[in-house]
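What follows is a single structure, written as C-alpha cells, with notes after it.
Quick note: numbers below take in every heavy atom, side chains included, and nothing from hydrogens, waters or symmetry partners.
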Amino acid sequence: MERQNQKYHVLARGIIISGENILVAHCKGMDNTFLPGGHVEFREGMRTTLYREIEEELGQDSFVKEYIGCVEADFEIPDTYHQEINHLFRVVLPKISHDLNPESRENHLEFYWIKINEMEQHNLQPYPVRDIIKRYLNNKEGPFWESTFKDYGD
C-alpha cells in the first residue's frame with residue numbers, strides 16, 4: 001500500500017471588512033474561497049507574515065490589528081492529507097473599499113468582496129471561520145477557537 005503524503009500548515013489570515021462586505025481570495029479553478037494571508041515562514045511572526053502576504057498578493061500596505069481567533073482544519077486532495085492552523089487577525093487596508101475588487105499580484109489568485117451574509121454561498125473555507133466572523137461582528141468576546149476535528153469527549 002502506498003503511503004499518503006502529509007502536509008502541516010501554519011497560516012496567518014486577515015479579516016478585512018468594508019461596510020457589509022468581507023474580502024476573500026479565490027484560487028482559480030477551485031470551488032472555494034478563503035481569507036487573504038498565507039504561510040508563516042521561519043523566523044517570522046504572524047503579524048509580519050500577514051503584512052508580507054497582503055503586500056505580495058495585493059500590493060497594499062496594511063494594518064494588522066487585533067487577534068480574533070484560530071481555526072484548525074484538515075482536508076484531503078488526491079494523494080495528500082493536509083492539516084492546518086489558521087490564525088485570524090482583523091486587518092485594515094486604507095486604500096481599498098468594497099466599491100472595487102482589488103487586483104491580484106499573483107496570477108493564480110483573484111480577490112473579491114462578498115456580502116458577509118453570503119459566506120456559505122461562496123464556500124468560505126475552512127468553514128468554521130464563518131462562525132468566528134459572525135461572532136466577532138456581533139461583539140462577542142474572543143478570542144475564538146473552532147475546528148473541523150471531532151473533539152475528544154464528544
Side-chain angles (χ1 to χ4, degrees), residues 4-18 20-42 44-58 60 62 64-93 96 98 101-102 104-154:
Q4 185 181 36
N5 293 318
Q6 301 179 92
K7 293 189 176 185
Y8 190 78
H9 311 275
V10 177
L11 304 150
R13 299 276 183 205
I15 297 173
I16 303 166
I17 306 286
S18 176
E20 298 293 317
N21 304 279
I22 187 166
L23 187 65
V24 296
H26 174 249
C27 188
K28 295 174 183 174
M30 302 298 284
D31 67 352
N32 65 293
T33 60
F34 49 93
L35 296 173
H39 289 85
V40 176
E41 295 181 357
F42 286 105
E44 181 178 66
M46 286 193 200
R47 283 189 161 93
T48 300
T49 294
L50 195 46
Y51 180 88
R52 174 186 53 78
E53 286 283 348
I54 289 172
E55 200 284 321
E56 288 173 2
E57 294 171 351
L58 295 167
Q60 298 280 329
S62 62
V64 180
K65 301 290 191 172
E66 72 268 16
Y67 182 75
I68 305 299
C70 183
V71 172
E72 68 176 357
D74 69 330
F75 61 95
E76 289 187 56
I77 58 173
D79 302 323
T80 306
Y81 171 80
H82 295 265
Q83 188 168 329
E84 63 185 24
I85 298 286
N86 294 269
H87 292 277
L88 310 175
F89 294 84
R90 186 174 67 89
V91 172
V92 174
L93 297 178
I96 68 171
H98 64 275
N101 289 330
S104 176
R105 296 176 101 193
E106 297 186 5
N107 291 336
H108 68 287
L109 291 177
E110 58 187 350
F111 295 87
Y112 51 87
W113 297 97
I114 64 171
K115 295 286 184 194
I116 292 166
N117 64 1
E118 295 178 354
M119 292 183 288
E120 288 79 12
Q121 292 94 310
H122 291 274
N123 196 19
L124 183 62
Q125 294 294 326
Y127 68 85
V129 301
R130 304 170 198 171
D131 185 50
I132 287 178
I133 291 166
K134 290 173 188 172
R135 288 189 290 171
Y136 171 71
L137 292 174
N138 286 322
N139 297 312
K140 303 285 187 200
E141 191 169 331
F144 304 102
W145 169 265
E146 291 294 335
S147 177
T148 64
F149 288 87
K150 182 174 172 55
D151 281 335
Y152 64 92
D154 281 354

Considering non-hydrogen atoms only, spot the tightest contact between [X] and [Y] and give its length.
| X | Y | answer |
| --- | --- | --- |
| Gly69 | Pro143 | CA-CB, 4.2 Å |
| Gly14 | Leu35 | O-CB, 3.6 Å |
| Val92 | Arg90 | CG2-NH1, 3.4 Å |
| Thr148 | Ala73 | OG1-CA, 3.2 Å |
| Val71 | Pro126 | CG1-CG, 3.8 Å |
| His87 | Ile85 | NE2-CG2, 3.2 Å |

Look at the side chain of [X] and the backbone N and O of [Y], then say whether any donor-acceptor pair between them is shorter than 3.5 Å.
| X | Y | result |
| --- | --- | --- |
| Arg130 | Leu124 | yes |
| Thr33 | His122 | yes |
| Ser147 | Phe149 | yes |
| Arg105 | Glu55 | yes |
| Lys134 | Ile116 | no |

Could you tell me the separation between the [atom1] atom of [X] and the [atom2] atom of [Y], rounded to the nearest 0.5 Å?
| X | Y | atom1 | atom2 | value |
| --- | --- | --- | --- | --- |
| Asp79 | Asn5 | CG | CG | 7.0 Å |
| Phe89 | Leu50 | CZ | CG | 7.0 Å |
| Tyr67 | Phe144 | OH | CZ | 11.5 Å |
| Ser18 | Leu23 | OG | CG | 9.5 Å |
| Leu137 | Ile132 | CG | CD1 | 12.0 Å |
| Ile22 | Ile133 | CD1 | CD1 | 3.5 Å |

For the [atom1] atom on [X], are there more than 12 heavy atoms of other groups (residues, nucleotides or ligands in this structure) within a distance under 6.0 Å?
| X | atom1 | value |
| --- | --- | --- |
| Glu20 | CD | no |
| Gln121 | CD | yes |
| Asn138 | CG | yes |
| Lys28 | NZ | yes |

All N/O donor-acceptor pairs, side-chain side in residues 108-115, below 3.5 Å, sequence neighbours left out:
residue : atom : partner : partner atom : Å
Glu110  : OE2  : His26   : ND1          : 2.7
Trp113  : NE1  : Ser97   : O            : 3.2
Trp113  : NE1  : Leu100  : O            : 3.2

Is any side-chain heavy atom of [Y] closer than 4.5 Å to one of [X]?
| X | Y | value |
| --- | --- | --- |
| His9 | His39 | yes |
| Tyr127 | Glu146 | no |
| Gln125 | Phe75 | no |
| Gln60 | Pro102 | no |
| Met46 | Val10 | yes |

Assess whether a salt bridge exists between Glu84 and Arg13, defined as any Lys/Arg side-chain N lying under 4.0 Å from an Asp/Glu carboxylate O. no
